[in-house]
Amino acid sequence: MEKIGLIPMTRELCREFYREFENDPMVFMDNFVTYEYSEARADAYFYKQQAKGRLYFAIMADSAPVGELILKDIDSIKHECTLSIHLRNDSVKGRGYGIEAERLALEYAFTYLGMNAVNADTIIKNTRSRHVLEKLGFSYLGREGDFDRFRFARGDYYKGKADND
């Protein structure tokens, strides 16, 4: 796997990402729709992600965006946020990009943002996403509607780093 990184998403990178994006049936319950690219749609999505309480990143590999990662619902009182990730299409899945991007996001959230916890959820049938969260050390909180909920506490992050040193 080539080295990946997270960089702030720009409008141009968002357009490039969504030009190659394909909806994955595993992230929809029963209402799957095929994604159709338009520059206006990509721009509208980009500007929506600029809302307060969100940090929007491009997952980069070989100087191309292979995914997007969002830290959202950033709560500066509880010091918690929620992680969301999407990879471009099947050509970049199963290559370790997602787990490495989430690992980088956890480091950023705990080290630079001072978060106490990072939350995540996944559609029940998205076993790939669930596997990544569990492999990283997220704790399963339970099922809520169509979603499985997870949480990674700051103390678990630093304990894991100490165990690996």
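Residues take their numbers from the sequence shown, with the count starting at 1. Both backbone and side-chain heavy atoms feed into the values below; hydrogens, waters and symmetry mates do not.
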I'd like to know whether Asn119 forms a side chain to side chain contact (heavy atoms under 4.5 Å, CB included) with Arg149, so could you lay out the CA-CA distance, the side-chain angles of the two residues, the decisive distance to 0.1 Å, and finally the verdict.
CA-CA 8 Å; Asn119 301 301; Arg149 306 276 181 204; over 6 Å; no
Contact summary for Pro65 and Phe17, nearest pair of heavy atoms:
CG-N, 3.8 Å
Indicate yes or no: at least one non-hydrogen side-chain atom of Phe152 is less than 4.5 angstrom from one of Leu106.
yes
Spatial distance of atom CD (Glu107) from atom OH (Tyr112) [nearest 0.5 Å]:
6.0 Å
Same hydrophobic cluster for Phe147 and Leu141, using side-chain heavy-atom links shorter than 4.5 Å among ILVMFWY?
no
Does any part of the side chain of Arg151, heavy atoms only, come nearer than 4.5 Å to the side chain of Glu80, both counted from C-beta?
yes
Taking the inter-plane angle between the rings of Phe138 and Phe150 on a 0 to 90° scale, is it parallel (under 30°), tilted (30 to 60°) or perpendicular (over 60°)?
perpendicular
Does Tyr45 reach the side chain of Glu68, with side-chain heavy atoms less than 4.5 Å apart?
yes
Can you tell me if Asn116 and Arg154 form a side-chain donor-acceptor pair at under 3.5 Å?
no
First locate atom CG of Leu69, then atom CD of Glu102, and finally report the distance between them rounded to the nearest 0.5 Å.
6.5 Å
Side-chain donor-acceptor pair under 3.5 Å between Tyr140 and Glu134, yes or no?
no
Over all atoms of both residues, closest heavy-atom pair of Cys81 and Ala109
SG-CB, 4.4 Å
Would a 4.5 Å heavy-atom cut-off, applied to side chains only, mark Leu83 and Leu71 as touching?
yes
Does Asp148 reach the side chain of Asp121, with side-chain heavy atoms less than 4.5 Å apart?
no
Measuring only between side-chain heavy atoms, which start at C-beta, is Phe46 closer than 4.5 Å to Leu13?
no
Considering residues at least two apart in sequence or located in another chain, which fulfil the side chain to side chain donor-acceptor pair (under 3.5 Å) criterion with Arg103?
Glu100
Distance, nearest 0.5 Å, that separates CD1 of Ile59 from CD1 of Ile7:
11.0 Å
To the closest 0.5 Å, what do you measure between CZ (Phe110) and CE (Met115)?
9.5 Å
Gap separating the CG atom of Leu87 from the NZ atom of Lys93, nearest 0.5 angstrom
6.0 Å
Ion pair check, Glu36 and Arg41, cut-off under 4.0 Å:
no
Report the distance from atom CD1 of Ile85 to atom CD1 of Ile99, rounding to the nearest 0.5 Å.
10.0 Å
Take the angle between the ring planes of Tyr18 and Tyr35 and call it parallel below 30°, perpendicular above 60°, tilted in between.
tilted
Kindly say whether Ala64 contributes a backbone atom to a donor-acceptor pair with the side chain of Asp62 at under 3.5 angstrom?
no
If I compare all heavy atoms of Phe57 with all of Pro8, which pair ends up nearest, and what's the gap?
CD2-N, 4.1 Å
Find out whether Ile4 and Leu104 are in side-chain contact, i.e. whether some heavy atom of one side chain is under 4.5 Å from a heavy atom of the other.
yes
Would you indicate whether the side-chain heavy atoms of Ser84 and His86 approach each other to under 4.5 Å?
yes
For a quick test of reading the model, state the closest non-hydrogen atom pair linking Arg88 to Val92 and the distance between them.
NH2-CG1, 3.3 Å
